Colleague: 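First the structure, then my questions, so here it is.
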Amino acid sequence: MYKIPLTKPYLTTDMIKRVQETMESGFWTEGPVVNELEFLFETYIGCGHALAVTSCTTGLEIALRALGIGAGDEVIVPDYTHPATAQVVFLVGAVPVIVDVDPCTMNIDYDSIVQAISPRTKAVIPVSIFGNPINWPRLDEIKRKYSLLVIEDAACAIGSSFQGVRTGYHPDISVFSLHPRKTIAIGEGGMITTNSSRLYDWMKSYKNFGAKYQEKSDLPMFTGIGTNCKLSDITASIGLEQIKQVDVLVDRRRELAASYTRLLEGIEPIEFQKVTMGGEHAYQSFCIQVDNRDMIKKEMRQAGIEVQIGTFALHRENAFHPSPMCKLPALPHQSLNVFERTLALPMYHDMTLFEQKMVVNALVKLIRKDS
Ligand SMILES: *Cc1c(COP(=O)(O)O)cnc(C)c1O
């Protein structure tokens, strides 16, 4: 047990009550609560449709299938991300093409996308890492010029926006995670958003055994392939109570981030993740860059403060070594540097200023000791 944990899911008695009510209602699979959660999600994003699934990972895989991406196709992904971003490309039989990230925003580097485009490139999966939004106009320019599809891995990005437009609105398809480390957390779950009714209908049917309901019949017809990636009303009940609080939750994270920044400002050589210019960060994680990250991580954890690495640099992992199934057009130097230096600091809704100061004091002591 840590004195100060990395994260704590937001939990209220309303959520527990709601889960109990759902359990007593007998609706244990997808039903009215999932539908209401989808409705509140699409209203919040301002997009046409939201579709609940079992995780962000299954959602990304479904998105690739809905867009017809498969064998022979290439999909560009950033190197600095959760492995799921690239694993899903393998799952549909396509080839991930891994490119570098911007060292300041830690998001995919737009020039590296252009350099990696080949006649086989079908799509890009940008990641709004830790809740830092992608620069949509910049990406959209590339999308139009090269006729690419965009599936956003918005796992961390509920509440972030670019020029006032919420993450999840613009891309062909975006996918959010409802994992306990994310701002809206139900256990395991994901949410797909899109403005396309055609894609929405396909994905809704695919995640429910390929079933299609006719108006005049209560029995579905099965006209294509499908699987089961339905969310349960039981866990959706948690999300329903959280999404009603989403502005409060995201504002609180922004306050905590501002407070960390004030406490750490001027302490060399700490660097902050730079917010995408024109965007609003949602701080699923608050990450800094430091020298000697591994030593600092180890000693802070020993002192009872649960810090963590930011995320992974895919090219370091065996699964993503260059091969005919996985392309690495250039060594992602920036990503490696970001990977080695990034440290995620504890952040949760009810974190106090006193706890933040404890984190900062422990960190500063180690930085001074190191230099
Ligand atoms: C958490 C995360 C995922 C995985 O989400 P699941 O809901 O656990 O499948 C994928 N991509 C990124 C960037 C993440 O942070």
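In what follows, residues are counted from 1 in the order of the sequence shown. Atoms within a ligand are numbered from 1 in the order they appear, just like the ligands themselves. Nothing here was measured: the structure is a model prediction, and the numbers come from that model.
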Colleague: Taking the minimum heavy-atom distance to atom 13 (C) of ligand 1, which of Leu60, Asp153, Ile125, Val88 ranks first?
Modeller: Asp153

Colleague: State plainly whether the residues Lys17 and Glu21 are in salt-bridge range, i.e. N to O under 4.0 Å.
Modeller: no

Colleague: Can you find an N or O of Thr57 that's nearer than 3.5 Å to an N or O of ligand 1?
Modeller: yes

Colleague: Looking only at N/O atoms, are Ser177 and ligand 1 under 3.5 Å apart anywhere?
Modeller: yes

Colleague: At a 4.0 Å threshold, what atoms of ligand 1 neighbour a non-hydrogen atom of Cys156?
Modeller: 15 (O)

Colleague: Please test Arg262 against Glu265 for salt bridge (charged side-chain N to carboxylate O under 4.0 Å, His left out), starting from the C-alpha separation and ending with a verdict.
Modeller: CA-CA 5 Å; Arg262 273 194 302 277; Glu265 231 154 26; over 6 Å; no

Colleague: Using a 4.0 Å heavy-atom cut-off, which part of Val127 comes near ligand 1: side chain, backbone, both, or neither?
Modeller: side chain

Colleague: Mind checking whether Phe90 and Phe320 have ring centres under 6.0 Å apart?
Modeller: yes

Colleague: Backbone, side chain, both or neither: what part of Cys56 comes under 4.0 angstrom of ligand 1, heavy atoms only?
Modeller: both

Colleague: Taking the basic N atoms (NZ, or NE/NH1/NH2) and the acidic carboxylate oxygens, is any pair closer than 4.0 Å for Asp140 and Arg144?
Modeller: yes

Colleague: Do Gln245 and Glu241 have side-chain atoms, one donor and one acceptor, less than 3.5 Å apart?
Modeller: no

Colleague: Would you say Gly189 contacts ligand 1, with heavy atoms under 4.0 Å as the rule?
Modeller: yes

Colleague: Between Lys182 and ligand 1, find which residue part has any heavy-atom pair under 4.0 Å and reply side chain, backbone, both or neither.
Modeller: side chain

Colleague: Within 45° of the six-membered ring axis of Phe339 and under 6.0 Å from that ring's centre, is NZ or CZ of Arg293 located there?
Modeller: yes

Colleague: Just jot down the ligand 1 atoms closer than 4.0 angstrom to any heavy atom of Ser55, in number order.
Modeller: 7 (O), 9 (O)

Colleague: Taking atom types as modelled and ignoring hydrogens, do the side chains of Thr167 and Glu152 form a donor-acceptor contact shorter than 3.5 angstrom?
Modeller: no

